[in-house]
Protein chains: 2
Amino acid sequence: MKKRILISDIAKALGISVTTVSFILNDKAKEKRISEALTKRVLDYVKKVGYKPNELAKSLRTGKTKILGLIIEDISNPFFGNIARLIESKVYEQGYRIIYCSTNNDVEKAKELIQMFYDRQVDGFIITPSDGLEDTVKQLQQNNIPVVLFDRYFPGLETDYVGADNFQGAFDASNHLCQQGYRRIGFVSLYSDQTQMKERSDGYMKAMDNNKQQSFIQKIQMDASDEEAMELLREFICENRLDAVLFSTNYLAISGLKASKKFNFTMPAVIAFDDHTVFKLVEPAITVVSQPIKDIAENLINILLLRLQGKIKATRRMVLPCELKVRESTKVKVTS
Amino acid sequence: MKKRILISDIAKALGISVTTVSFILNDKAKEKRISEALTKRVLDYVKKVGYKPNELAKSLRTGKTKILGLIIEDISNPFFGNIARLIESKVYEQGYRIIYCSTNNDVEKAKELIQMFYDRQVDGFIITPSDGLEDTVKQLQQNNIPVVLFDRYFPGLETDYVGADNFQGAFDASNHLCQQGYRRIGFVSLYSDQTQMKERSDGYMKAMDNNKQQSFIQKIQMDASDEEAMELLREFICENRLDAVLFSTNYLAISGLKASKKFNFTMPAVIAFDDHTVFKLVEPAITVVSQPIKDIAENLINILLLRLQGKIKATRRMVLPCELKVRESTKVKVTS
DNA sequence: AAATTGCGCTAAAAGGTTTTATTTACTAAT
DNA sequence: ATTAGTAAATAAAACCTTTTAGCGCAATTT
C-alpha cells in the first residue's frame, strides 16, 4: 500500500512552489506566465511519477464535483436502461461521472434521493420527474443547480426538457390503426398526471375524433400488481370486443401479452409505446412507437453541459419526433 | 440561493466549540463524555436549522467516501439491470451510494473505469470482471480496497466472489433435455475464458457424457454483431439438425430466436441461461436456468459491507443454486 | 500536602487542493 | 537616479470537516 503522491511532493521534488504546479496542471501556465521551460519540466515529472490530484480536495476547494445525478424511473426497464447507458458514456468523455438511482415513481423516494445527491454536491441533474416533484425541482433551480427533465415535465415550471413528441406518436399510431381498417380501438394508460401520458392520450383521442371513431380508454393504477393489470386488461379487451389496442407504455403492453397468454384470448392488433426486445420476437411481431433514444440522450447532456458552463440562459424544451415501426401485429388489413 | 450552514455556525450560535458539535454529531458524545444536556441542546438545534455536514469535507478528512463502485458488463441487460437495482436499494439503506459504469466486456474501458473510481476514492468495488482484468483487481487488493467479484472470478486469485452454480445449472438443464427424449442437443457459448462460461460448458458436457450423447458446441465472438451471430446460429442448428439447444446466455438465446424468425426455420427445444421477459411471452415459452438474483445481490453487498467494516479476513466464495424453470419449450416429449 | 484521576470541553492540526494577493528581480522609461 | 512596468514565481488563505492532544478544575488517592 504505497502512499499517494501529493502536489506538495512534486513541488518539493522540483524545488518550486505548490502554486506553480497547480497552475500548470490546470492549464493556466500561459495565463499566469509560467515559463515554458518550467512548464515542461513539471509536466514531464508529473507524467513520470503518475501523479493524480485528489479529486475530493479539488471538489472541496472548487465546489464542483464533476458528478451528475441521474434520477430515473426504473433502471431495469430497457427504455431507461438504454438512455442511462448512452448518457453515461457521453458524459464520461467530457470528464463527468454519473451517479444514478431509480425512483420507481415514488415521490418520497425521489425527494430523498435528490436531497442526498444535492448534499453530495452533484453539479447537475437529469430527472424523470414523478408526480408531485415540482417543488423539489423548483428548489434546485432556485439554488442554481442545473436540472434537465426528460420524458415528462411540469407545465407550470420553466425548465429545460427533452422528450419525444408523444402527441404525434400516439396520433400517428392511432391513425395507422384506423387506416388498417380497425374499428374498435382501445387505449391503455396509467392513472397519472404525467405529461407524457396526457399527450399520448390526447394524440389517441384526436385521431379517434378525426376518424369518427368511438374511444375506449382503460387506465391502470401505477402501483397495480402484474396480476391486477392482467385482469383489468382481459376485461377491457374482451368485454369491449376490441379489434386493436394502443398501449401507452411498453410494460403495459407486456402485461397485455401476458394476459392473453394466461387467459387464453387472442390479442387484437397491438401497438406499444417504446420498443422492447419482446415485441420483435413475439408472434405476430408488434408495431411500436419508437422514441429516438440516442437523440434524447445526446440532447439531454448537451443541454446540461451548456448549462454547467453557463453558456445558455433561456430554458430549452426539445421535442423530438417518434417513429412508427410497423410490424406484423398491424399489417393484416381488416375489411369491415 | 441561501448560504449553506456550517458546523462552525452551529458552534458559534450555541457558544461552544466546533469539536464538541462534531463529536455529538458523530455519536461520540458518550465516549467523549459530553454532558447529556449539551448533547440534547446541540441535537435539537441541528435539527431545527436542518444542518447537513459537507460530505466532501468529511470524506477528505476521513478518507471514506461512502460510495461504492459498481462495474458491470451492461446495464441495459435486464439480468445486470436487476442486480444493479437490488444492490442500489440495499446499500442505500446502509448509507452508501453507488456509482456505476458498464464495461461492455471491454478490458481497457474496465481498467480505465476502475482507475477513475479509485482516484475518486470509492470505498469498495463490486465487479463483473472481463477477461484480462486480473492484474487490476490484484492491485486493488494490494491497495487494501475491498473488492467483491460476481458472475465470474479468477481461479488464480483469492477474491471474494458471489455467483450462481453454473455447472449444476447447465448440468440440470442438459439432463432435463435428455430426459425429455432429445438426442441432438447443442450448446451455444462465447469465445471467452470467463469462468461462468467454462462452468456452463462443463455442466453441459458432463450431462452429455452421462447420457452417452454426442456434443455439439458452437461458440460466438463476444464482439460479433447480431447479424453474424444469427447467421452462425442458423447454420449450427440447421446443418446439425439439432432437436434441442442450450444457450449459455439470454442474449444468445434471443439472437437464436431472432434467427429462427428471420430465416424462417423452426426452433428446436430451447433452454436459456438467465431469464428474460421475452422467454415468458414467446410461443412456446422458453425454459430457463434462472439465477437467484436477489440472493446474489444480497450476498454481494453483505460481504462487501463486512469487508468495509473489517469484520472478515478470509476470502469468501459463495456459490448459489440455480433454478430450472420448465416452460413449454421443453415440455413436449420427443419419442425417438 | 502532593500527586493522580476524571470530567467536560476545546484549540489547533490535518486532510489536499485552488486561488488571491504579494514578492522578487529585472528592464524600460522619465 | 528614480519611477513604472512586467515577468515569473510564491506564501498564505480558503474550502469544511474530523481528530489529536491537552487544559483547567475538582475530587480522590498516596
Side-chain angles (χ1 to χ4, degrees), chain A residues 1-43 45-46 49-67 95 118-121 123, chain B residues 1-43 45-46 49-67 95 118-121 123:
Chain A
M1 191 170 50
K2 59 172 180 284
K3 211 165 158 298
R4 265 192 139 103
I5 170 168
L6 309 180
I7 198 172
S8 53
D9 296 332
I10 294 176
K12 204 170 295 169
L14 298 178
I16 59 178
S17 85
V18 164
T19 311
T20 309
V21 179
S22 175
F23 283 153
I24 292 173
L25 288 176
N26 290 292
D27 291 326
K28 293 187 181 158
K30 286 253 163 46
E31 183 191 332
K32 298 292 179 181
R33 292 171 299 221
I34 312 288
S35 68
E36 289 199 14
L38 184 53
T39 301
K40 184 165 170 6
R41 203 153 69 90
V42 169
L43 254 26
Y45 184 78
V46 162
V49 298
Y51 164 76
K52 296 267 181 56
N54 180 319
E55 297 291 337
L56 283 175
K58 217 166 157 159
S59 296
L60 177 60
R61 178 61 237 227
T62 61
K64 302 289 166 204
T65 54
K66 288 270 183 177
I67 294 183
Y118 176 71
D119 292 341
R120 294 208 171 250
Q121 283 155 282
D123 290 351
Chain B
M1 193 172 47
K2 60 171 178 279
K3 211 163 157 298
R4 264 191 140 102
I5 171 167
L6 308 179
I7 197 173
S8 53
D9 296 333
I10 294 176
K12 204 169 297 166
L14 298 180
I16 58 178
S17 86
V18 164
T19 311
T20 308
V21 180
S22 174
F23 283 152
I24 293 173
L25 289 175
N26 290 291
D27 291 325
K28 292 185 183 161
K30 287 256 160 48
E31 181 191 335
K32 297 294 179 180
R33 293 170 300 219
I34 311 289
S35 67
E36 288 199 14
L38 185 52
T39 301
K40 180 161 171 12
R41 202 153 70 91
V42 169
L43 254 25
Y45 185 77
V46 161
V49 298
Y51 165 76
K52 295 270 180 54
N54 179 320
E55 296 292 334
L56 284 174
K58 214 165 159 163
S59 296
L60 177 59
R61 178 63 237 234
T62 60
K64 302 290 168 204
T65 55
K66 288 273 186 173
I67 294 184
Y118 176 71
D119 292 342
R120 292 207 172 250
Q121 284 155 281
D123 290 350

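Below, read A as the first sequence line, B as the second, and so on, with proteins coming before strands; counting in each chain starts at 1. Computed over heavy atoms, backbone and side chain alike; hydrogens, waters and symmetry mates excluded.
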Please tell me which of the listed nucleotides, [options], lies nearest to the side chain of [X]?
X: B:S17; options: C:dT18, D:dT17, C:dT10; answer: C:dT10
X: A:T20; options: D:dT10, D:dT18, C:dT19; answer: D:dT10
X: A:A57; options: D:dA9, C:dT17, D:dT19; answer: C:dT17
X: A:N26; options: D:dA8, C:dT18, D:dT17; answer: C:dT18
X: A:R33; options: D:dT18, D:dA8, C:dT17; answer: D:dA8
X: B:L38; options: C:dC9, C:dG16, D:dA7; answer: C:dC9
X: A:K28; options: C:dG16, D:dT18, C:dT19; answer: C:dT19
X: A:S35; options: D:dA9, C:dT18, D:dT17; answer: D:dA9
X: A:L6; options: C:dG16, D:dT10, D:dT18; answer: C:dG16

Between [N] ([atom2]) and [X] ([atom1]): distance, integer Å:
X: A:Y51; N: C:dT17; atom1: OH; atom2: P; answer: 3 Å
X: B:I10; N: D:dT17; atom1: CD1; atom2: P; answer: 8 Å
X: B:K52; N: D:dC16; atom1: NZ; atom2: C1'; answer: 16 Å
X: B:E31; N: C:dG8; atom1: CD; atom2: P; answer: 15 Å
X: A:L56; N: C:dA14; atom1: CG; atom2: C1'; answer: 15 Å
X: B:L25; N: D:dT18; atom1: CG; atom2: C1'; answer: 11 Å
X: B:R120; N: C:dG15; atom1: CZ; atom2: P; answer: 22 Å
X: B:I16; N: C:dT10; atom1: CD1; atom2: C1'; answer: 10 Å

**Prompt:** Of all heavy-atom pairs between B:Q121 and A:N54, which one has the smallest distance, and what is that distance?
**Reply:** OE1-OD1, 3.2 Å
**Asked** CD1 of A:I24 to NZ of A:K32: how many Å apart, nearest 0.5 Å?
**Response** 13.0 Å
**Message:** Using 0.5 Å steps for rounding, measure from the NZ atom of B:K58 to the CG atom of A:L60.
**Reply:** 14.0 Å
**Request:** Would you kindly check whether a donor in the side chain of A:R61 faces an acceptor in the base of C:dT18, or vice versa, at under 3.5 angstrom?
**Result:** yes
**Stepwise side chain to side chain contact (heavy atoms under 4.5 Å, CB included) test for A:S17 and A:V21** = CA-CA 7 Å; A:S17 85; A:V21 179; over 6 Å; no
**Request:** Flag the pair B:L14 / B:R41 as yes when at least one side-chain heavy-atom distance between them is below 4.5 Å, and no otherwise.
**Result:** yes
**Item:** Note, A:I16 side chain near A:V42 side chain (heavy atom, < 4.5 Å)
**Value:** yes
**Protein proximity profile, nucleotides 21-27 of chain C - base contact B, sugar-phosphate-only contact S, no contact -, cut-off 4.0 Å on heavy atoms** = -------
**Asked** Would a distance-only check, ignoring hydrogens and angles, find a side-chain to backbone donor-acceptor pair under 3.5 Å from B:D9 to B:L6?
**Response** yes
**Prompt:** When all nucleic acid strands are considered with a 4.0 Å heavy-atom cut-off, which category describes B:T62: base, sugar-phosphate, or nothing?
**Reply:** sugar-phosphate
**Prompt:** Contact class for B:K64 (heavy atom, under 4.0 Å): base, sugar-phosphate, or nothing?
**Reply:** nothing
**Asked** Nearest nucleotide by nearest heavy atom, which residue falls closer to the 5' end of DNA chain C, A:I7 or B:V18?
**Response** B:V18
**Item:** Electrostatic pair A:K64-A:D123, nearest N-O below 4.0 angstrom
**Value:** no
